[in-house]
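Let me begin by presenting the structure, written as structure tokens, before commenting on it.
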2 protein chains.
Amino acid sequence: MLPQARVAKGQRSRLELTKIAIDCFSRFGYRGTSIERIARAAGVTKGAIYYHFRDKEDLLLAAVSDRVKAFENRVQAACEDIDPSRALRSVAEVCVKNACWGDHPRFTIRLMVEAIDTNDRVSEQLRGMMRRFRAFMRNLIRSGQRQGLFRHDIDAETAAASFTSSVLGAEIQFYQDPERLRLEETIGLYVDQLMNYLAPPARAEEENPSQDSKGAVIDD
Amino acid sequence: MLPQARVAKGQRSRLELTKIAIDCFSRFGYRGTSIERIARAAGVTKGAIYYHFRDKEDLLLAAVSDRVKAFENRVQAACEDIDPSRALRSVAEVCVKNACWGDHPRFTIRLMVEAIDTNDRVSEQLRGMMRRFRAFMRNLIRSGQRQGLFRHDIDAETAAASFTSSVLGAEIQFYQDPERLRLEETIGLYVDQLMNYLAPPARAEEENPSQDSKGAVIDD
DNA sequence: TCAAGAATACTAAACGGTTAGTATGTTACC
DNA sequence: GGTAACATACTAACCGTTTAGTATTCTTGA
């Protein structure tokens with residue numbers, strides 16, 4: 001049963017408001033984004049926002065849900081039908097793409113940091129997301145271990161945490177300093193390191209890292 | 001010539017206010033910290049803050065300077081008179097210690113993220129700090145390459161960026177989820193990976209990773 | 001030495017602006 | 001006619017900053 005045209009319009013408005021809120025929260029944070037700002041950007045008044053959302057936090061929680069879902073769908077899609085080794089690289093690539101050209105790349109990091117100590121509900125949502133992501137990566141690594149692609153004597157959970165750390169940290173540095181922090185190379189090097197480290201002993205020699213000659217020693 | 005007692009008292013008050021501000025900014029961010037809150041925590045009135053600092057941002061810049069200096073001193077001290085290989089580990093240890101038991105561990109990350117797009121002057125200060133840190137790590141790696149401790153075919157700058165990413169990302173995850181993210185292990189694993197990756201080919205076999213047997217494959 | 005004036009470190013209150021949220025009114029669509 | 005999707009006008013609270021004032025210490029000139 002299709003919703004009435006008017007109700008459909010309301011749903012579109014609600015979604016539009018959520019998108020604009022995501023944009024504002026990404027850049028100015030929750031505390032630094034006023035309802036008036038969001039309303040102005042959407043071309044409506046504050047009253048319209050309160051029609052659709054109970055309060056400011058309700059709007060934030062809608063934004064967080066949207067971003068968490070989008071992220072998890074993207075990661076899931078990147079890993080379908082490929083082996084764990086390729087999947088690790090694929091997840092890294094998705095994160096690079098999202099950070100460089102995605103919509104609202106900074107939302108999650110911005111809100112994650114801001115919510116620590118100040119918003120339990122948002123912290124919980126984003127902590128859940130990170131836990132699921134780390135578990136997902138851990139399972140990938142374990143799967144690779146089972147298939148003999150990765151060595152067995154490494155704690156998959158710690159390796160997953162390390163992967164997540166590198167991606168997260170590289171993104172922050174990139175947002176902070178896009179001129180100097182080459183995101184693709186940084187994450188790429190990390191993944192090479194990890195793959196090299198995870199490789200079973202018999203294969204460690206086969207991984208011939210294809211680095212460009214920038215690594216040559218240069219005087220500073 | 002010692003400052004007059006009254007002037008010395010003023011200097012102590014100014015420093016105390018800065019410390020309290022650092023604490024508040026770490027937890028609530030710049031935008032989320034009111035002057036009234038800092039004043040209350042210090043047991044003075046808002047006017048006293050304006051006596052010592054021109055405005056709120058002046059107070060923030062004092063806080064940023066304090067933290068940047070403290071961080072850089074700590075890193076410098078950790079690397080004195082030791083070889084590049086040990087120094088890499090030492091820097092990682094300093095970061096772990098600071099995150100777990102240091103004073104105001106979250107200040108830099110909190111303000112770094114918040115300042116992107118909203119405060120050019122703070123962004124510049126913190127970007128400068130991060131650039132200096134990456135350059136410092138890059139120089140460590142290059143020094144190791146010159147001494148034959150590390151392989152030559154890896155771009156030291158990218159490796160430094162990768163190191164920084166991992167430390168930064170691990171800290172954020174730890175602040176967000178201290179129950180689940182084992183900071184020492186996560187950063188420790190990263191450093192092992194890096195050392196393994198940086199090892200010259202002739203020595204790659206000597207690095208026998210001492211991992212505990214938690215890495216055994218476990219069903220989920 | 002002493003007193004007047006200056007300097008320092010504050011306090012209490014006020015100011016002007018911003019913000020989240022609420023109550024009520026309006027309009028176009030069903 | 002009823003209602004969803006708004007707009008407008010308003011309130012209370014918060015916020016950064018300023019102002020007028022106070023207490024104490026320091027300095028300087030007589």
Side-chain angles (χ1 to χ4, degrees), chain A residues 1-25 27-64 111 114-115 118-119 121-122, chain B residues 1-22 24-25 27-64 111 114-115 118-122:
Chain A
M1 191 60 192
L2 284 182
Q4 310 287 1
R6 200 165 36 174
V7 174
K9 181 180 192 307
Q11 286 172 345
R12 282 195 304 271
S13 292
R14 193 181 197 278
L15 189 59
E16 174 74 5
L17 289 176
T18 305
K19 295 297 185 193
I20 287 164
I22 289 167
D23 207 44
C24 293
F25 293 145
R27 295 176 60 197
F28 309 110
Y30 176 68
R31 190 64 203 246
T33 296
S34 63
I35 295 285
E36 177 66 50
R37 172 178 228 133
I38 295 168
R40 219 183 306 126
V44 297
T45 64
K46 292 199 286 183
I49 294 182
Y50 287 99
Y51 175 79
H52 291 285
F53 302 95
R54 196 182 55 246
D55 56 19
K56 192 181 181 184
E57 183 167 308
D58 192 33
L59 177 55
L60 177 59
L61 288 167
V64 168
L111 269 298
E114 185 169 335
T118 58
N119 190 317
R121 297 180 68 187
V122 170
Chain B
M1 192 62 191
L2 286 183
Q4 308 290 358
R6 194 174 35 185
V7 174
K9 181 181 192 308
Q11 286 171 346
R12 283 196 304 273
S13 291
R14 192 181 197 276
L15 189 58
E16 172 76 4
L17 290 175
T18 305
K19 295 297 183 191
I20 288 163
I22 288 167
C24 293
F25 292 146
R27 296 177 60 198
F28 308 110
Y30 177 67
R31 191 62 206 247
T33 296
S34 64
I35 295 284
E36 176 65 49
R37 172 177 231 133
I38 295 167
R40 219 184 307 123
V44 299
T45 64
K46 293 197 279 185
I49 295 182
Y50 287 95
Y51 176 79
H52 291 286
F53 301 96
R54 194 181 57 249
D55 56 19
K56 192 180 181 186
E57 183 168 306
D58 192 33
L59 177 53
L60 176 60
L61 289 167
V64 168
L111 269 298
E114 185 169 335
T118 58
N119 191 317
D120 287 343
R121 297 181 67 184
V122 170

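A note on names: the letters A, B, ... follow the listed sequences, proteins ahead of strands, and every chain is numbered from 1.
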Nearest whole Å is fine: how far is [N] [atom2] from [X] [atom1]?
{"X": "B:R40", "N": "C:dT11", "atom1": "CZ", "atom2": "P", "result": "14 Å"}
{"X": "B:E36", "N": "C:dT19", "atom1": "CD", "atom2": "P", "result": "19 Å"}
{"X": "B:F28", "N": "D:dC14", "atom1": "CZ", "atom2": "P", "result": "15 Å"}
{"X": "B:L60", "N": "D:dG16", "atom1": "CG", "atom2": "P", "result": "12 Å"}
{"X": "B:D58", "N": "D:dT17", "atom1": "CG", "atom2": "C1'", "result": "13 Å"}
{"X": "B:D55", "N": "D:dC15", "atom1": "CG", "atom2": "P", "result": "17 Å"}
{"X": "A:I38", "N": "C:dT19", "atom1": "CD1", "atom2": "C1'", "result": "12 Å"}
{"X": "B:E16", "N": "C:dA9", "atom1": "CD", "atom2": "P", "result": "15 Å"}

How would you label the contact of [X] with the nucleic acid (heavy atoms, under 4.0 Å): base, sugar-phosphate, or nothing?
{"X": "B:S34", "answer": "sugar-phosphate"}
{"X": "B:G10", "answer": "sugar-phosphate"}
{"X": "B:R37", "answer": "nothing"}

With the side chain of [X] defined as its heavy atoms from C-beta on, choose the nearest nucleotide among [options].
{"X": "A:Y50", "options": "D:dG16, C:dT11, C:dT22", "value": "C:dT22"}
{"X": "B:K56", "options": "D:dT17, C:dC10, D:dA5", "value": "D:dT17"}
{"X": "A:V7", "options": "C:dT22, D:dA5, C:dC10", "value": "D:dA5"}
{"X": "A:R31", "options": "D:dC6, C:dT8, D:dC15", "value": "D:dC15"}

Determine yes or no for a side-chain-to-main-chain donor-acceptor pair under 3.5 angstrom, with [X] supplying the side chain and [Y] the backbone.
{"X": "A:T18", "Y": "A:A62", "value": "no"}
{"X": "B:E16", "Y": "B:A42", "value": "no"}
{"X": "A:E114", "Y": "A:R31", "value": "yes"}

OP1 or OP2 of C:dA28 sitting under 4.0 Å from any side-chain N/O of A:K9?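 Answer is no, no contact under 4.0 Å.
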
A:H52 side chain near D:dA4 phosphate (N/O to OP1/OP2, under 4.0 Å): no

Decide yes or no, distance alone: a donor-acceptor N/O pair under 3.5 angstrom between the base of C:dA12 and the side-chain of B:K46. no

Any chance you could measure B:K9, atom NZ, to B:R12, atom CZ, to the nearest 0.5 Å?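 If we round to the nearest 0.5 Å, B:K9:NZ and B:R12:CZ are 7.0 Å apart.
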
Supply the atom-to-atom distance B:I49 CD1 to B:D58 CG, rounded to the nearest 0.5 angstrom.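 CG of B:D58 is found 12.0 Å from CD1 of B:I49.
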
Can you give one letter per nucleotide of nucleotides 20-27 of chain D, going 5' to 3': B for a protein heavy atom under 4.0 Å from the base, S for sugar-phosphate only, - for none? ----BBSS

Between A:Y51 and B:R54, which is nearer to the 5' end of DNA chain D once each is assigned its nearest nucleotide?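 Its nearest nucleotide being more 5', the pick is A:Y51.
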
For B:I49 and A:Y30, find the nucleotide of DNA chain C closest to each by heavy atoms; which residue's nucleotide sits nearer the 5' end?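 Looking at DNA chain C, the more 5' nearest nucleotide goes with B:I49.
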
5′-ward residue of the pair A:G47/B:R14 relative to DNA chain C: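 That would be B:R14.
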
Contact summary for [X] and [Y], nearest pair of heavy atoms:
{"X": "B:C24", "Y": "B:T33", "value": "O-OG1, 3.1 Å"}
{"X": "B:H52", "Y": "B:S13", "value": "NE2-CB, 3.8 Å"}
{"X": "A:V122", "Y": "A:L111", "value": "CG1-O, 4.5 Å"}
{"X": "B:D55", "Y": "B:Y50", "value": "CA-CE2, 3.9 Å"}
{"X": "B:A41", "Y": "B:I20", "value": "CB-CG2, 3.6 Å"}
{"X": "B:I38", "Y": "B:A21", "value": "CD1-CB, 4.0 Å"}

Could you write out each protein N or O paired with an N or O of nucleotides 1-4 of chain C at a distance under 3.5 Å?
none

